[in-house]
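This report concerns only the one structure given below.
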Amino acid sequence: MEGELMRVVRYWLQGEITNFIKVWLTAYASLSYCYFSAKVLPKGAARFAAFLPVVCLFLLLPLQLHSVHLIGTTGFFLAWLSTFKVLLFAFDKGPLSTPSISLPRFIAVASLPIVLQQKSKSQGKLNQKSLLNYAIKAVLFALIIKTYDYEDHIHRRIIVLLYCFHIYLCLEIMLAVAAAAARWLLSAELEPQFNEPYLSTSLQDFWGRRWNLMVTRMLRPTVYFPVLDWSTEIVGRDWAQLPAVMSTFVVSGMMHELIFYYFGRVRPTWEITWFFVLHGACVVVEIAVKKAVGGRWRLPRFVGTVMTAGFVFSTGMWLFFPQFLRCKADERGLAEIAAAGAFVKDVVRALCSMVNSLRFSHYFLILPQ
């Protein structure tokens, strides 16, 4: 019956889902405040001072949640991307400074990992290709989830390796869903978030052109370019790129450390930050070597891909994933997936009960009196 369906929905809306809705309604109200404040405040110090409480609020909002998936989504979207976009907007920079942007588009661009772009003829072909690409990745993600049922019989290192693919596929699918929702709501094409990172030929290629491109686009104007300008005056244009790259990785490490704090609410060990510092140092060395050889010598593409993947996986297992396991994000995440499956089953069962009840009532209505 309809009452059974509403009972199921009310049960599942209690607690965490309600907090999630409250958090995002608060975020939308805060972004609306930023939108209208910018109409009357000039860019610079005045607008920055007006936006600072919103930035602080966005850093605190994820603490209202406890679900791994909801914390991950909210921490990444609000505490990182939205915060950086609002800070750029205070100085009339970044994607939010688009002239004559409407409030719905402003909120969507500020709160989702998207950047609007003009639709091109090649975009249609790209979307058709992406549909099959994402379907394959969704199947692989489901297979990984099913494999966890047999983790007692699988070596721990293989399980950790599966977590690597789990996180990548989860991010890819999550960002694709967000992009598709924004495409439907805004009728606009969106820039891709990943570019097949498993095909990277170097660390510079992996971090700069293939992995989580939305973060890359945010870190460039907020960290990389300001440090590049300051460094140019000190060490000259030729070598200014090196401290700029290193600073970008340090900031990225700090933001990842914050998101891991949201997950576990335990004192950080800073291994996540050291992971990004290590990768930043290696990218700096890679850039310096490329400048020294001047393109006269280059690794074969296959060798570069294998070495890059090996380095990312090995350092990830050393510094990144132990912190992921420390806050039991894997166990909690799998429990949440099981709970989501139970929710779907409850809704389907309630809908079936309602449909059968309606058929039964209709049968008695058409009987001759």
Side-chain angles (χ1 to χ4, degrees), residues 12-31 52-87 111-113 145 148 151 156 159-160 162-164 166-168 170-171 174-175 178 212 214-215 218-219 249-279 315-340 342-343:
W12 284 96
L13 283 178
Q14 292 175 353
E16 189 74 352
I17 300 298
T18 301
N19 290 340
F20 181 71
I21 294 172
K22 289 178 180 177
V23 163
W24 279 92
L25 288 177
T26 303
Y28 293 152
S30 302
L31 290 171
L52 194 57
V54 174
V55 171
C56 295
L57 178 64
F58 281 3
L59 294 175
L60 294 174
L61 281 176
L63 293 173
Q64 303 303 310
L65 303 171
H66 297 88
S67 160
V68 169
H69 290 90
L70 299 186
I71 288 173
T73 303
T74 304
F76 177 56
F77 287 9
L78 284 185
W80 191 341
L81 297 184
S82 294
T83 296
F84 278 39
K85 290 177 183 178
V86 167
L87 289 173
S111 60
L112 293 174
I145 297 300
Y148 292 147
E151 64 177 326
R156 190 61 179 171
I159 292 295
V160 173
L162 287 176
Y163 288 151
C164 297
H166 181 146
I167 291 175
Y168 162 61
C170 186
L171 279 173
M174 178 184 71
L175 295 177
N212 208 349
M214 186 72 252
V215 168
M218 283 296 99
L219 288 172
F249 274 90
V250 170
V251 172
S252 180
M254 296 292 287
M255 294 308 299
H256 279 85
E257 201 78 60
L258 176 63
I259 291 176
F260 270 76
Y261 176 77
Y262 293 147
F263 281 147
R265 314 291 163 86
V266 294
R267 186 175 179 178
T269 61
W270 305 108
E271 290 182 20
I272 299 294
T273 301
W274 281 115
F275 171 82
F276 285 94
V277 169
L278 173 62
H279 277 252
T315 54
M317 290 184 181
W318 172 32
L319 293 171
F320 193 91
F321 285 101
Q323 302 311 304
F324 184 79
L325 301 175
R326 177 179 174 231
C327 58
K328 299 186 183 300
D330 56 330
E331 297 176 12
R332 292 158 57 195
L334 292 175
E336 290 167 15
I337 291 173
F343 168 70

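- With Arg326 contributing its side chain and Gly264 its backbone, the two residues share no donor-acceptor pair below 3.5 Å.
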When you look at Phe76 and Leu81, which way does the side chain to side chain contact (heavy atoms under 4.5 Å, CB included) test go after all the steps?
-> CA-CA 6 Å; Phe76 177 56; Leu81 297 184; 3.7 Å; yes

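- Classification of the Phe320-His256 ring pair by plane angle, with boundaries at 30° and 60°, yields perpendicular.
- Put simply, CG on Leu63 and CG on Asn19 are 12.0 Å apart, with the number rounded to the nearest 0.5 Å.
- Remark: Ile21 CD1 to Thr26 OG1 distance equals 11.5 Å, nearest 0.5 Å.
- To the nearest 0.5 angstrom, His166 atom NE2 is 6.5 Å from Phe324 atom CZ.
- To the nearest 0.5 angstrom, Lys85 atom NZ is 7.5 Å from Leu112 atom CG.
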Begin with the C-alpha distance, continue with both residues' side-chain angles, and end with the deciding distance and a verdict on side chain to side chain contact (heavy atoms under 4.5 Å, CB included) for Val251 and Phe276.
-> CA-CA 9 Å; Val251 172; Phe276 285 94; over 6 Å; no

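- Taking the six-membered ring for Trp, Phe275 and Phe321 have ring centres at least 6.0 Å apart.
- For Arg265, the CZ atom sits in a packed shell: over 12 heavy atoms of surrounding residues, nucleotides or ligands are nearer than 6.0 Å.
- A donor-acceptor pair under 3.5 Å links the side-chain atoms of Glu16 to the main chain of Ser67, judged by distance alone.
- Relative ring orientation between Trp24 and Tyr28 is described as tilted, the plane-to-plane angle lying within the 30° to 60° band.
- Here the CH2 atom belonging to Trp318 is positioned 9.0 Å from the CD atom belonging to Glu271, to the nearest 0.5 angstrom.
- Remark: Thr74 OG1 to Tyr262 OH distance equals 10.0 Å, nearest 0.5 Å.
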